[in-house]
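Heads up: the structure comes next, in structure tokens.
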2 protein chains.
Amino acid sequence: MSKCEQCIVRQLNSLNSLSKEELIKISSCKTSRKIKKGEVIFDEGEHLNGVYCISDGVCKVSKMSSNGREQIIHLVNKGDILGERSLISDEISNLKATAINDMEICFIPRDEIIKDLKQNSDFSMNVLKDMALSLKNADNLIVDMAQKTVKQRLAEMLLNLNEKFGSNIDNVLNIHLSREDIANIIGTATESAIRLLSEFKKDEIISLKGKNISLLDTQKLKKIAQGF
Amino acid sequence: MSKCEQCIVRQLNSLNSLSKEELIKISSCKTSRKIKKGEVIFDEGEHLNGVYCISDGVCKVSKMSSNGREQIIHLVNKGDILGERSLISDEISNLKATAINDMEICFIPRDEIIKDLKQNSDFSMNVLKDMALSLKNADNLIVDMAQKTVKQRLAEMLLNLNEKFGSNIDNVLNIHLSREDIANIIGTATESAIRLLSEFKKDEIISLKGKNISLLDTQKLKKIAQGF
DNA sequence: TTTATAACATGATATTTGTCAGTTTATGCT
DNA sequence: AGCATAAACTGACAAATATCATGTTATAAA
């Protein structure tokens, strides 16, 4: 099994402030796991007895509304940590995590992380900063959901996907989402999301080939996102 | 000037895990301030060089959307801490805080808190838990904003106000908000908020006398909030 | 390849919500 | 008290969005 202290993924997240000894300790008790596309990593109401460090792949983190519709809160990428919120408050999870494509993830048991949080103040400050950033992003999302139209949110989401996952030489986004997932990110009906994508395509702001989306005019997308 | 180690308000928030010595130190460098209703405590883009501990009164924490409308993210009550997010990430504030009624607040400088965060792991764990809770609430709000109708959100907000601020013997909510603030909490136009309040009143779910709102049928409100 | 199933797409229509315009009521100030 | 201003309210209409129905295309399994 590969070792945490040599893992490149680790450099990307708050685990990078751990000492070599702490990493070796974590390495010895972590478990690695492969997840198939569509598989549920954990569901709402489950007790997470640790955190996941994403070695490869992408998953969606979502919550069911009382109306019976799924809302995707955010996407978690390679190098990100998953489940820290529930770890810290030691509650059952309020969110569900589902693989968007095939993944490889490492599970680190709760006690190990908690011990390091108490002993290593650099680490706990780093986790605090992570949480502070998540909170800022969440606040921004609240404002967008409450105040922006679906069209604005779609434009903004496309820009965010480009930012987070990048695109290849032909401007095709490196992430492939179903239309339903897109709708569940921006909080609208699948049909509405499809309609607006078609409209963007007609206006030559994006191009569509199945799940391949490429951004042709990011300037225009930015303007739409801001309400023009 | 009153002393932190004797302050009752402190018991309510994460400062309660500080030692007597740490509290005395904080007490010596804190400053107390009175804020008038409507006054801005800090604005978006300002650098907060510390946190505020609310001794008395209520303020709204909001953000301007690019559409030019204010979205209220949450209300901060007596006993709560204000500004910890910006403190931890050491960034300019992304939010604005405005007094809803006359307030009394204590300002604690950044360096003092940061020092304690690094030295006192109980305290930093407590702050982590606070942030984790805020994050959970933010996630729930995202789902509500994205998936629920304005009517559902209004019903839910009324229940939340009752939960957080309580009501007097006649079921009148202990908090008085303008119709505009109510609209900015649930993310709708002021006219829509007024219309729905009138509808609730007509249906005898609430009663209205100016800014005095009383909840007559919380069961029905709960059902509406959940989509029936 | 054929076939079954799910995903994608589009039109028609209903519902929700925002906007504008105007009226009434409350509030603060001299 | 009287006046000026802001807040609360109501109606009419327009715009945004959801829902339902139905057709088409992609995908996976036999």
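The shown structure was predicted, so the numbers you read here are calculated from the model rather than taken from an experiment. Throughout, protein chains are lettered first and strands after them, A, B, ... in sequence-line order, and every chain is numbered starting at 1.
One interatomic measurement links the two molecules: CD of A:Q147 to P of C:dT17, which rounds to 14 Å at whole-angstrom precision. Regarding A:K36, its NZ atom lies at a distance of 14 Å from the P atom of D:dA28, rounded to whole Å. Remark: P of D:dT17 and CE of A:M145 are 12 Å apart, rounded to the nearest angstrom. If you measure from atom NZ of A:K37 to atom C1' of D:dT27, you get 10 Å, rounded to the nearest angstrom. Following rounding to the nearest Å, B:N184 (CG) and D:dA7 (C1') show an atom-to-atom distance of 14 Å. As a whole-Å value, the separation of B:L154 CG from C:dT16 P is 15 Å. Distance B:I186 CD1 to C:dT16 C1': 13 Å, rounded to the nearest Å. Put simply, CD on B:E180 is 12 Å from P on D:dA6, counting in whole angstrom units.
Side chain of A:R179, nearest nucleotide from C:dC8, D:dC9, D:dC20: C:dC8. Here the side chain of A:R195 is nearest to one of C:dT10, D:dT10, C:dT17, namely C:dT10.
With a 4.5 Å cut-off on side-chain heavy atoms, A:S134 and A:R85 do not count as touching. For the pair A:I185/A:L177, a side-chain contact is recorded, criterion being any heavy-atom separation below 4.5 Å from C-beta on. Using a 4.5 Å cut-off on side-chain heavy atoms (C-beta onward), B:L87 and B:L48 make no contact.
Heavy-atom contacts from other residues, nucleotides or ligands closer than 6.0 Å to NZ of B:K164 number more than 12.
Mapping B:E191 and B:R153 onto DNA chain C via the closest heavy atom, the residue that lands nearer the 5' end is B:R153. Comparing A:G187 and B:I194 by the nucleotide of DNA chain D that holds the closest heavy atom to each, the one mapping nearer the 5' end is B:I194. When each of A:L197 and B:L196 is assigned the nucleotide of DNA chain C with its nearest heavy atom, A:L197 is the one assigned upstream, toward the 5' end.
Between B:T188 and C:dT17, a side-chain N or O to OP1/OP2 separation shorter than 4.0 Å is absent. Dashed line: the shortest gap from a side-chain N or O of B:T190 to OP1 or OP2 of D:dA7 is not under 4.0 Å.
In this structure a side-chain-to-backbone donor-acceptor pair under 3.5 Å is missing from A:E104 to A:I54. Within the 3.5 Å criterion, the main-chain N or O of A:V58 finds a donor-acceptor partner in the side chain of A:N101.
Only A:S198, A:K211, listed by number, bring a heavy atom of residues 198-228 of chain A to less than 4.0 angstrom from any atom of DNA chain C.
In this model, no side-chain donor or acceptor of B:R69 finds a partner on the base of C:dG18 within 3.5 Å.
Note that the CD1 atom of B:I142 and the OG atom of A:S65 stand 13.5 Å from one another [nearest 0.5 Å].
Nucleic acid contact class of B:S178 (heavy atoms, under 4.0 Å, all strands): sugar-phosphate only.
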